[in-house]
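As the structure is a computational prediction, the values presented were derived from the model and not from experiment.
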Amino acid sequence: MEFNGKCAVVSGAASGMGLVFSENFARLGGNVLMCDVNSEALEKEVKRINSLGKGIAEGCLCDVREYSSVCAARNKAVEKFGSIDILTNFAGGTAVRMLGVDGSLEFPDIPIDVYDWGIDVNLKGQFYFAHACMKQMREQKSGLIVNIGSITGMEGDGRGMDYPTAKSGVMFGLTKSLAQYGAKYNVRCVCVSPGPVLTRAAMANMKTLLGRAAEPQEIIDLILFIASEKGQFINGENIMIDGGRNAAGRSC
């Protein structure tokens with residue numbers, strides 16, 4: 001797989017799977033606009049990826065909750081690289097964990113601002129990036145949008161309800177709708193929905209039929225295949241990559 005001269009816009013690019021994708025894409029000859037809210041980590045990782053001497057990485061401070069910030073990232077990608085060939089929406093996380101909410105609080109007691117944050121980041125953030133970048137993809141008549149779902153979008157969560165609510169919306173409504181609109185402009189949309197991934201040690205405790213969590217690289221390899229010449233017939237689908245967790249029987 002080679003991506004020479006191609007441009008990828010990546011949200012959540014300074015850590016986790018977004019970082020792994022950015023490095024892989026650059027190693028395969030592609031250019032990447034790395035978007036994140038963590039300026040210090042972003043600057044460090046952009047420099048590291050550029051030191052590899054492959055594709056070019058450019059950093060962009062971006063809050064996915066702010067549409068103007070997302071549009072500025074799109075404009076920067078086009079100005080720097082001339083196109084947006086791939087958009088990958090990695091930014092996200094469960095609000096109760098990300099915001100450090102007291103573990104004793106139950107759903108009705110958790111401030112609504114916490115859930116607002118989760119829906120803004122995990123659903124609206126992906127929607128915003130798709131809306132902004134589709135303008136460029138429509139103009140160039142090509143492109144791929146990769147949304148990131150989660151096994152939690154299939155399972156639900158009785159406390160961190162923002163996360164499965166947002167992810168299920170991305171996995172089905174948003175992905176199918178973008179594929180329908182984009183088809184006449186040669187723009188595809190695919191959602192990749194991981195099960196437990198070892199971006200955090202706690203993920204190792206989630207059960208799968210294969211008896212382990214995924215390495216981040218395994219998720220990225222699937223996304224790279226979808227983006228490559230070999231994956232061009234995949235469109236409008238939510239692809240689970242969860243070690244069989246969704247197929248496993250689970251008692252209440």
Verify, without hydrogens or angle tests, whether [X] (side chain) and [Y] (backbone) share a donor-acceptor contact under 3.5 angstrom.
X	Y	result
Asp36	Ala14	yes
Thr208	Gly244	no
Asn147	Met171	no
Arg27	Ile49	no
Asn122	Lys167	no
Asp85	Lys6	no
Lys124	Ala166	no
Arg188	Ile234	yes
Glu2	Gly29	no
Arg245	Lys207	yes

With a 4.5 Å heavy-atom cut-off, do [X] and [Y] have their side chains touching?
X	Y	value
Arg48	Glu23	yes
Val170	Ile148	no
Arg159	Val101	yes
Val146	Leu87	no
Asp157	Tyr163	no
Asn75	Glu79	yes

Requested in this report: Show your working on side chain to side chain contact (heavy atoms under 4.5 Å, CB included) between Asp162 and Val114 and close with a plain yes or no.
Outcome: CA-CA 9 Å; Asp162 57 291; Val114 172; 5.6 Å; no

**Report entry** Geometric class of the Tyr115/Phe107 ring pair [parallel <30°, tilted 30-60°, perpendicular >60°]
**Finding:**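 The rings of Phe107 and Tyr115 sit tilted, inter-plane angle from 30° to 60°.
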
Query raised in the report: Is the Tyr185 ring parallel, tilted or perpendicular to the Tyr181 ring (thresholds 30°, 60°)?
Result: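 Tilted.
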
Query raised in the report: Applying the 4.5 Å side-chain criterion to the ILVMFWY set and letting contacts propagate, would Met34 and Val64 be lumped into a single cluster?
Result: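 Result: no, two separate clusters.
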
Report task. Answer yes if Leu33 and Ile145 sit in the same cluster of Ile, Leu, Val, Met, Phe, Trp and Tyr residues linked by side chain heavy atoms under 4.5 Å apart, and no otherwise. Result ->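 Hydrophobic grouping puts Leu33 with Ile145.
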
Query raised in the report: Are Asp221 and Gln217 linked by a side-chain donor-acceptor pair shorter than 3.5 Å?
Result: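 There is such a pair between these side chains.
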
Query - Partner of Gln126 under side-chain contact (heavy atoms from CB on, under 4.5 Å), chosen from Thr175, Leu178, Leu174 - result: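 So, applying the side-chain contact (heavy atoms from CB on, under 4.5 Å) to Gln126 and each of Thr175, Leu178, Leu174, only Leu174 qualifies.
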
Requested in this report: Show the numbers, then the answer: is there a side chain to side chain donor-acceptor pair (under 3.5 Å) between Asn238 and Ser193?
Outcome: CA-CA 7 Å; Asn238 174 57; Ser193 295; 2.5 Å; yes

